[in-house]
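Have a look at the structure below, then the notes.
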Amino acid sequence: MPPSIPHLLLLHFHLLAIASLVGIAGWSRAWAIGVNWGTASSHPLPPPKVVELLKSNNVSRVKLSDADPDVLRSLSGSGIAVTVGIPNLMLRTLNSSKKAAESWVHDNVTRYFPAGGPRVRIEYIAVGDEPFLLSHGDQFYPFVLGAATQIQAALTKANLGSKVKVVVPCSFDAFQSESNLPSEGHFRPDINKTMIQLLTFLSEHRLPFFASISPFLSLHQSKNISLDFALFKGTARTHNDSHRIYKNSFDLSYDTLVTALYSAGFPQMEIVVAQIGWPTDGAANATSVIAEEFMKALINHIHSKTGTPLRPQNPPSEVYILSLLDEDQRSTSAGNFERHWGVFTFDGQAKYHIDLGQGSRKLWNAQNVKYLSSRWCVVNNNADLSNVTASVLDACSVADCTAVSPGGSCYNIGWPRNVSYAFNSYYQQHDQRVNSCYFGGLGLITTVDPSTDTCRFCFPYIIL
């Protein structure tokens, strides 16, 4: 008599737990924390300053979205483990051209491994920037496997195949569960075939699976996830799944991925959390206070090494915080909060304090940052403001006005202060040029900071 469905389900999870405890253990390493360092900023902190910031806070790993030579040169000799990124727009070319892959590896990897002298400690090459993201459709993922294979071959040819690993960062929506139960986790049907091919490649080369996990987005997209559940609070209502109890959103999402990997035939695949964070502005529940609470709870949870119900005593070997710094040019297609992931402000000042590797002491801020003069652009209250809306729209089409959007920290400052916020954002982004505060005579330059207790107007920008 064939086994019943419930018995098959219990056997499925029994085998999954054994694989997690036995197979994965062979791959386990000491847990390490890293940060994502993005450069989508109108006035980025100079790379040497960022490296100083990383080192002063004992950050041991950094993940880059590209292979900017200035950034890589600044990391030379630092000892910080680096993941360099290949942009999605390059995947098609790398998929079809062996020569292009070899040139990319030579220009962005090999040159930083000199025979003598300091080098950049490149550990991973991230092929694409979340190419499986649902909003991308099929623009990029059909070229992922070919590009990864070509890059791997180019590394081998350059005698770096054993030193640098090829990975593909996968978005949080690449795996899913319609019921929100980990036991029903699977990869999206539209990418499942390609994902199995990618997992085969990763498994053959003993490479980890890089994936984003986002309790913040889960909170905003699911009615079944509460803020307390996302923040690891003991008072949160637990979620039960096949006699397994989930006490937080991270474990729920992580085990959904574990099940998806198992269902695809790769129960022993090592997982690296490539992106996880909490924004501090631009949406409901996006504040520095909540971000600090989430980050501290996450780090404590992983440090405890309790793991998850499907991978007990086996937390991810590496976790990369999203992100090191705010980026005012980051795409807001997913939400205005996208420009506010930073643990630090754009100029390297800590918004809150967590342990990135520095232990119990507070985070060290960037030092000796040079700024423009203390000037701001505000609305001229003596002018005719009947047509000011057009000027605001023009300003916000270029500058970052996400803080005055619904849910933002400056949303409730009222009119005409929100007009001043828009004008000032544009003025600062354009290096305080006099004509950037004109707005048809509606703008006025002042040396009095218009910020309030809850709304910080864009601070005079970094001198580039």
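Numbering starts at 1 and runs along the sequence shown.
Annotation for Y411: atom OH does not count as buried by contact number, only 12 or fewer foreign heavy atoms lying within 6.0 Å. More than 12 heavy atoms of other shown residues, nucleotides or ligands fall within 6.0 angstrom of atom CZ in F459. Within a 6.0 Å radius of CG in N240, more than 12 heavy atoms belonging to other residues, nucleotides or ligands are found. Applying the 6.0 Å contact sphere to CZ of R375 captures no more than 12 heavy atoms from other residues, nucleotides or ligands. Heavy atoms of other residues, nucleotides or ligands lying less than 6.0 angstrom from CZ of R456 number more than 12.
In terms of heavy-atom proximity, S391 sits nearest to L442 at OG-CD1, 4.0 Å. Between D400 and Y421, the closest heavy-atom pair is O-CE2, 3.9 Å. When all heavy atoms of S331 and E338 are compared, the pair lying nearest together is O-CB, 3.2 Å. F187 and A264 get closest at one heavy-atom pair: CE1-CB, 4.1 Å. Across all non-hydrogen atoms, the minimal contact from K247 to T238 is CG-CG2, 4.1 Å. Of all heavy-atom pairs spanning I354 and L363, the tightest one is O-CD2, 3.5 Å.
Classification of R244 and D255 as a salt-bridged pair fails, no side-chain N sitting under 4.0 Å from a carboxylate O.
Between the CG atom in D190 and the CG atom in D138 there is a gap of 8.5 Å [rounded to 0.5 Å]. Note that the CD atom of Q428 and the CZ atom of R433 stand 12.0 Å from one another [nearest 0.5 Å]. For the atom pair NZ of K370 and CG of D347, the computed distance is 15.5 Å after rounding to the nearest 0.5 Å. Taking CG of L252 as the reference point, atom OG of S222 lies at 8.5 Å (rounded to 0.5 Å). Atoms CG and CG, from L261 and L202 in turn, are 9.5 Å apart once rounded to the nearest 0.5 Å. To the nearest 0.5 Å, atom NZ of residue K49 and atom CD of residue Q367 are 8.0 Å apart.
A heavy-atom distance below 4.5 Å is found between the side chains of P208 and V167. Taking 4.5 Å as the limit, every side-chain heavy atom of T256 sits out of range of all side-chain heavy atoms of Q176. For the pair N57 and F344, the minimum side-chain heavy-atom distance is below 4.5 Å. Side-chain contact between H353 and E292: present, with at least one pair of heavy atoms (C-beta onward) separated by less than 4.5 Å. Inter-residue side-chain proximity for R339 and R330 is flagged as met; some heavy-atom pair is nearer than 4.5 Å. At a threshold of 4.5 Å between non-hydrogen side-chain atoms, the residues E293 and K233 count as touching. Put simply, the side chain of L257 reaches to within 4.5 Å of the side chain of F209, judged on heavy atoms. Counting heavy atoms from C-beta on, the side chains of V379 and L444 never come closer than 4.5 Å.
Of the possible polar contacts, one joining the N248 side chain to the D251 backbone as a donor-acceptor pair under 3.5 Å is found. Between the side chain of S226 and the backbone N or O of F229 there is at least one donor-acceptor pair closer than 3.5 Å. Checked by atom type and distance alone, the side chain of S263 never pairs as donor or acceptor with a backbone atom of H186 at under 3.5 Å. N36 places a side-chain N or O within 3.5 Å of a backbone atom of A274 that can act as its donor or acceptor partner. For S218 (side chain) and S214 (main-chain N/O), a donor-acceptor pair under 3.5 Å exists by modelled atom type. A donor-acceptor pair under 3.5 Å is formed between the side chain of D449 and the backbone N or O of S451. Judged by distance alone, the side chain of E130 and the main-chain N or O of P169 form no donor-acceptor pair under 3.5 Å. No side-chain donor-acceptor contact under 3.5 Å links N380 to the backbone of G443. At distances below 3.5 Å, not a single donor-acceptor pair connects side-chain atoms of D228 with backbone N or O atoms of T235. In this structure, H430 contributes its side chain and Y426 its backbone to a donor-acceptor pair below 3.5 Å.
Between F132 and Y141, the two ring planes are parallel [angle under 30°; tilted spans 30° to 60°]. Under the 30°/60° scheme for interplanar angles, the aromatic rings of H220 and F216 are found to be tilted.
With sequence neighbours left out, the side-chain hydrogen bond (donor to acceptor under 3.5 Å, both in side chains) criterion links T194 to no other residue.
Side chains of S409 and D281: a donor-acceptor N/O pair is present below 3.5 angstrom, by distance only. For the residue pair H43/D328, the side-chain donor-acceptor check at 3.5 Å is not satisfied.
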Can S317 and E270 be said to form a side-chain hydrogen bond (donor to acceptor under 3.5 Å, both in side chains), step by step?
CA-CA 8 Å; S317 57; E270 179 187 7; 2.5 Å; yes
Go through the steps for N285 and L227 under the test side-chain contact (heavy atoms from CB on, under 4.5 Å), then give the verdict.
CA-CA 8 Å; N285 298 313; L227 179 61; 3.8 Å; yes
Walk me through it: do N88 and Q139 pass the test side-chain contact (heavy atoms from CB on, under 4.5 Å)?
CA-CA 9 Å; N88 287 330; Q139 289 184 78; over 6 Å; no
Just do the side-chain contact (heavy atoms from CB on, under 4.5 Å) check on L310 and Y254 with the steps written out, would you?
CA-CA 9 Å; L310 289 181; Y254 192 86; over 6 Å; no
Trace of the side-chain contact (heavy atoms from CB on, under 4.5 Å) decision for Y352 with V343:
CA-CA 7 Å; Y352 52 87; V343 175; 3.6 Å; yes
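Taking the centre of each ring, Y461 and F346 come in below the 6.0 Å mark.
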Report, one line per pair, each donor and acceptor closer than 3.5 Å where one atom sits in a side chain of residues 68-83; sequence neighbours left out.
from: D68; atom 1: OD1; to: D70; atom 2: N; distance (Å): 2.8
from: D68; atom 1: OD1; to: V71; atom 2: N; distance (Å): 3.3
from: D70; atom 1: OD1; to: R73; atom 2: NH2; distance (Å): 2.4
from: S74; atom 1: OG; to: V71; atom 2: O; distance (Å): 2.6
from: S78; atom 1: OG; to: L75; atom 2: O; distance (Å): 2.7
from: S78; atom 1: OG; to: I80; atom 2: N; distance (Å): 3.2

